[in-house]
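Just so it is clear, the values below take in all heavy atoms, side chains as well, and ignore hydrogens, waters and symmetry mates. Position 1 is the first residue of the sequence; numbering continues from there.
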Amino acid sequence: MKKTRILGVMLIIVTIIVTFSMSVYATEPGDNARTVENPDETNSNSSEVSGEETVPTDDGEGTDDDGHNHDTIDPESIHQGDRYIASQESIYEMNELINGNLFIVGKNIKFSGQVNGSVFVFAQEFTMTEDAYIGGQLFLAAGNATISGIIVDMYSATQDLKIDEKTMFYRNVNAVSENISLSGMIGRDVNLIAKSITVPETETPLTIYGNLEYQASNKLEGIEEKASITGEVKYTHYKEKEKDIADIIWESVISAIGTVIFDVIMYLVLLFLAPKFVEKAKDYVSSKGALSLAFGLAFVVVIPVISLILLMLGVTAGASLTLLLVYFTVLMINAFIVSLVANEYIANKLKMGDDKLKKGLLLIPVSLIIWVLREIPFIGGWISGLVLLCGTGIVMLYQFDKRKKQI
């Protein structure tokens, strides 16, 4: 299991959710935090599924149904709306009260606050304390994570994940990790994928009111005695497949074919949408190669910094996310841009003129050659780095020249 691939997938999921569904999870207090049917009828604060806001029971101590005392909370201390935090501190504690969603990025994050919406976390280390509360979903991408407190749902990708006995999930737990330690109470289903899964012996045993489905290298022996599970337990053996020569060759062939198809499609698209860029592409090799490298280096380094600053300002978070989407889009097409530029340069040297069919056919071997160069052991990484800088730099330099002429 490759950690980078896991975190990459999590990043894509969170980016899509943030961009297109930012307002979906913004909740009023109690909107979605009490939607699980708790089979434990002895719990005086349990509620049935109704799809509506439940009314907290009054035990005479001013405590709401989430187990937190809100009588002494100053309304002015509650942050209304979404909250964006990008911390550069070695350890950052988030202990705020937020009536909205929370987006937080940092190195070592300690979460002890209360959020009525969903929480999106990117961190090396993440700790959620037993006093913390999340009234929506927790989307977590981290190196190591320790979870406690109250959460509705969790979707996580981590290196190591510990869910302690003082954790309560109203609904589902979905986690991918190298190592998982599972305790606490889960109101519905648990879905885990890990190399190693353990259920430690605690004073309060693991309780799952739904199904437990897990994929791991080890089967949880005696899980029925160590935990209370209402639903079914399904186990799938996890084993990392060792690739043989045939697998490597097949993956390489598919990758090469995919690269060629992508480049040809992008070439056809640019012929219709940006024909001037295609015509000027050869100039970025013959006269502006070094300048393209400089623009590419500036783009790769500066854009993330600008996005981080905008994200920290809060009011410009939307612009930050848009800028990041543009950033990743340019990174995705950088190899194609280099192939296109090289193709136009070679076609000019071969005096193909404006024959787009010949240029399109020439693009196939050019794309394959660049793909092969990037796959060469040891030096392929350096070549890929140059391709990255050149490709992004050409796009930025073209936009710069275009704006310069308009002034």
Side-chain angles (χ1 to χ4, degrees), residues 1-18 25 85-87 89-94 101-113 115 118-130 132-134 136-186 188-200 202 206 208 212-218 220 227 235-240:
M1 184 187 303
K2 294 184 178 180
K3 177 185 173 183
T4 54
R5 183 175 299 176
I6 294 171
L7 295 180
V9 171
M10 191 68 179
L11 175 60
I12 293 172
I13 293 173
V14 173
T15 301
I16 293 173
I17 293 171
V18 171
Y25 299 107
I85 299 174
S87 173
E89 299 177 16
S90 57
I91 300 177
Y92 180 84
E93 181 172 1
M94 208 306 294
N101 300 315
L102 170 66
F103 305 85
I104 184 167
V105 179
K107 183 178 180 181
N108 190 331
I109 297 173
K110 180 181 179 182
F111 179 83
S112 58
V115 177
S118 293
V119 176
F120 301 80
V121 179
F122 292 90
Q124 293 182 12
E125 303 281 341
F126 178 74
T127 302
M128 181 171 174
T129 67
E130 61 181 284
Y133 169 79
I134 298 176
Q137 289 73 31
L138 169 61
F139 297 92
L140 172 64
N144 301 315
T146 300
I147 306 297
S148 189
I150 299 175
I151 309 172
V152 173
D153 294 296
M154 184 175 77
Y155 302 85
S156 70
T158 62
Q159 180 72 27
D160 294 295
L161 173 64
K162 178 183 178 183
I163 301 175
D164 73 20
E165 63 178 316
K166 296 181 180 179
T167 309
M168 176 185 293
F169 292 94
Y170 280 93
R171 294 196 299 226
N172 304 311
V173 173
N174 302 276
V176 179
S177 184
E178 293 285 332
N179 306 291
I180 296 177
S181 175
L182 181 64
S183 301
M185 189 282 281
I186 298 96
R188 294 185 184 174
D189 299 331
V190 179
N191 296 281
L192 307 175
I193 299 177
K195 283 186 177 181
S196 174
I197 300 176
T198 58
V199 178
T202 58
L206 169 65
I208 301 174
L212 170 61
E213 185 171 349
Y214 66 101
Q215 182 177 346
S217 57
N218 61 300
L220 295 173
Y235 166 68
T236 303
H237 180 67
Y238 170 80
K239 182 179 180 181
E240 287 186 316

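- Residue Pro200 comes nearest to Leu182 through the heavy atom pair CD-O, 3.5 Å, listed as atom of the first residue, atom of the second, then distance.
- The line from CG of Asn172 to CD1 of Ile208 is 11.0 Å long, rounded to the nearest 0.5 Å.
- To the nearest 0.5 Å, atoms NZ (Lys195) and CD (Glu178) are separated by 4.5 Å.
- A side-chain N or O of Gln137 and one of Ser118 form a donor-acceptor pair less than 3.5 Å apart.
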Worksheet item: After noting the C-alpha distance and the side-chain angles of Ser181 and Thr198, does the key distance pass the side chain to side chain contact (heavy atoms under 4.5 Å, CB included) rule?
Response: CA-CA 5 Å; Ser181 175; Thr198 58; 3.8 Å; yes
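- The side-chain heavy atoms of Ser156 and Ser177, taken from C-beta on, include no pair separated by under 4.5 Å.
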Show which side-chain atoms of residues 121-128 pair as donor or acceptor with protein atoms under 3.5 Å away, not counting sequence neighbours.
residue	atom	partner	partner atom	Å
Glu125	OE2	Asn144	ND2	2.9

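- We find the CD-CG distance between Glu213 and Asn174 to be 10.0 Å, quoted to the nearest 0.5 Å.
- Rounding to the nearest 0.5 angstrom, the gap separating the OH atom in Tyr155 from the CG atom in Leu138 is 11.0 Å.
- The shortest non-hydrogen separation linking Asn218 to Ser196 is OD1-CA, 3.5 Å.
- From Met154, atom CE reaches atom CG of Leu140 across 7.0 Å, with rounding to the nearest 0.5 Å.
- Between the side chain of Thr167 and the backbone N or O of Ile147, at least one donor-acceptor pair lies under 3.5 Å.
- Once rounded to the nearest 0.5 Å, the distance linking OG1 of Thr129 with CE of Met94 reads 9.5 Å.
- In this structure, Tyr214 contributes its side chain and Leu220 its backbone to a donor-acceptor pair below 3.5 Å.
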Item to complete: Would you sort out whether Leu206 and Ile186 count as a side chain to side chain contact (heavy atoms under 4.5 Å, CB included), showing the intermediate values?
Response: CA-CA 8 Å; Leu206 169 65; Ile186 298 96; 3.8 Å; yes
Item to complete: Could you give me the CA-CA distance, side-chain angles and deciding distance for Gln215 and Thr236, then say whether side chain to side chain donor-acceptor pair (under 3.5 Å) is met?
Response: CA-CA 5 Å; Gln215 182 177 346; Thr236 303; 5.6 Å; no
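- The side-chain contact (heavy atoms from CB on, under 4.5 Å) test with Ile134 singles out one residue from Ile150, Val119, Val152, Asp153, and that residue is Val119.
- Counting only heavy atoms from C-beta outward, the side chains of Ile85 and Tyr92 approach each other to under 4.5 Å.
- Remark: side-chain polar atoms of Ser112 are not paired, donor with acceptor, to backbone N or O of Ala132 under 3.5 angstrom.
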